[in-house]
Amino acid sequence: MLDPKLIRNELDRVAEKMAIRNVTLDTAKLSELESIRKQAQSKAESLQAERNAASKAIGQAKAKGEDAQPILDKVAALGNELKAAEAASSDVQAQLAEILMGLPNLVHDDVPAGKDESDNVEVRRVGEPTSFSFSPQDHVDLGARGGSLDFEQGAKLAGSRFAVMQGDVARLHRALIQFMLDTQTQRNGYIEVVVPFIVNSDSLYGTGQLPKFAEDLFKLNVEQEYYLIPTSEVPVTNLVRDTLLEADQLPLRYTCHSACFRSEAGSYGRDTRGLIRQHQFEKVEMVQIVRPEDSWQALEDMTSHAESILQALDIPYRVVVLCGGDIGFGASKTYDIEVWLPGQNAYREISSCSNCTDFQARRMQARFKNPDTGKNELVHTLNGSGLAVGRTLIAVLENYQQEDGSVIIPEALHAYFGNQRVLLEND
RNA sequence: GGAGAGUUGGCUGAGUGGUCGAAAGCGCUCCCCUGCUAAGGGAGUAUACGUUAAUAGCGUAUCGAGGGUUCGAAUCCCUCACUCUCCGCCA
């Protein structure tokens, strides 16, 4: 959520920033609502003040044994007017809150304008696309060996966009999770957490998935309002919801392995082949809670932490900064890391690292005591994938494949495979 | 799932219709005193929102959440959430 004061005082600047996201702000309607709000709230509050004063006077009169009836008569007349004023005030405030909750974060000055992912700007490229002396297969064909990666079984058990892994592929999947968690905790300074994969709606409002993106979520059909998490960003970031942190607790760096569940409504026909886009996938997430002045450096650091996984695995990738049309709702600036997939002959997203500034913190009321100002201030929150496990598995299979369809195990993963050095050796 | 007890400020905890945004203690901050030191004395110490140049005043709201009764609710009523104890079930 944006600072309501920003809407009041710098409406034009907010509108300019929204334009970079291709979001049109109805400034005329907003300023009209705002002036109604001001008037309605003042009126309701002054009537409340009047009632409170009268009530106090009644109490005092009764305590002294005086007749309180004249004041009672007077305050009775206030009743309906007060009720109406309160209703009007809360009505207009609800309208403003609804608009505000639907507005995305302000983008950073670095964010380029653009309409979709084709306008994202490449920042750097690490490694060269893997070259092969033969025609490389994609992960679906590679994984078909021995039913190691089985989409028919997934469809039988659940439906489309589900998969079953077994044998070497299942083990590679597990090894990648271990490797990522070990790297983030031992090398990059994150604390590992295990959190619920089901959350309530408060948590989803906190990180911004609700109210706007309900259709992307799996909602449980039970009495309580429960949702499957679309990413562990939701539970992990919400660890600091409604919390007042001490300055010396910051920065907090969490990493978390979880399953992620996405309905993928609106993605019909996209990435229907293979493991790229599934209803359920696993991810190792990074979340940082930092002081506001540190968040931009933290974004650079976190992006490099995600990159460190691909560097260790020695898989080529590039980093892009997302344009206004592609950046997520809560983010002020986002770097996507795109990994080279020989099977698609393209770079594909494997991580997304975002600085959400105070956008989520305001929704969550996540604050810290700033010793410099003596005030309680909103923290900044960041999140990034470190990395998406399924897509990393695709990248390993496709980049490390050999002509006979087997796959060499990257050196960084040897510790998780005993003496084994090759996957999918036997047809 | 059954029965019972709870949810108050950074913490402990009092408060069952009216000067209660809330006693007391602890903690913390500042000041004072003191060569006997896990000492003493004093003052201060919730948050959000509105108004405002203001972190000055003033106002509003908040005692788990939401609703109700009342001129007035931490206190009474209803619904919900969560915590604890015992029983049952269970990975």
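Each chain gets a letter, A, B and so on, in the order the sequences are listed, and its residues count up from 1.
Atom-to-atom, CD of A:Glu225 to C1' of B:C82 comes out at 17 Å; the value is rounded to the nearest Å. We find that CD of A:Gln60 is positioned 11 Å from P of B:C20, with the value rounded to whole Å. Rounded to whole Å, the distance from CD1 on A:Ile58 to C1' on B:U70 is 10 Å.
Here the separation of B:A46 from B:A56, taken at their P atoms, is 13 Å to the nearest Å. Annotation: B:G21 and B:U8 have their C1' atoms spaced 11 Å apart (nearest Å). Distance check on atom P: B:U29 versus B:U83 gives 34 Å, rounded to whole Å. Going from the C1' atom of B:C63 to that of B:A14 covers 13 Å, rounded to whole Å. Distance noted for atom P between B:C28 and B:A39: 11 Å (whole Å). Annotation: B:G68 and B:C26 have their C1' atoms spaced 38 Å apart (nearest Å). B:U12 and B:C84 are spaced 15 Å apart, taking the P atom of each and rounding to whole Å. Straight-line distance between the P atoms of B:G10 and B:G6: roughly 24 Å, to the nearest whole Å.
At a cut-off of 3.5 angstrom, the base of B:G18 holds at least one donor-acceptor pair with the side chain of A:Lys62.
Helical stems of RNA chain B (runs of at least 3 Watson-Crick or G-U pairs, donor-acceptor distances under 3.5 Å) are listed by first residue: B:1-7 with B:81-87, B:10-12 with B:24-26, B:27-32 with B:40-45, B:46-51 with B:57-62, B:64-68 with B:76-80.
A tilted orientation is assigned to the rings of A:Trp296 and A:His108, their planes being inclined by 30° to 60°.
A search for salt bridge (charged side-chain N to carboxylate O under 4.0 Å, His left out) contacts involving A:Lys333 returns A:Asp110, not counting sequence neighbours.
Within a 6.0 Å sphere centred on CD of A:Glu300, other residues, nucleotides and ligands contribute more than 12 heavy atoms.
Inspection of the A:Gln48 and A:Asn52 side chains reveals no N or O donor paired with an N or O acceptor under 3.5 Å. In the model, A:Lys283 has a side-chain atom that pairs as donor or acceptor with a side-chain atom of A:Thr231 under 3.5 Å. If you check the side chains of A:Asn383 and A:Thr237, you find no donor sitting under 3.5 Å from an acceptor.
Between A:Gln365 and A:Tyr226, it is A:Gln365 whose nearest contact on RNA chain B lies nearer the 5' terminus.
The residue A:Arg367 sits close only to the backbone: its heavy atoms come under 4.0 Å of sugar-phosphate atoms, none of a base.
Side-chain contact check for A:Leu30 versus A:Glu34: every heavy-atom pair is 4.5 Å or farther apart. Using a 4.5 Å cut-off on side-chain heavy atoms (C-beta onward), A:Tyr190 and A:Glu285 make no contact.
Using a 4.0 Å cut-off between charged nitrogen and carboxylate oxygen, A:Asp202 and A:Arg363 do not count as a salt-bridge pair.
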Does the protein touch nucleotides 51-67 of chain B at the base, only the backbone, or not at all? Give it as B, S and - per nucleotide, heavy atoms under 4.0 Å. S-------BSS------
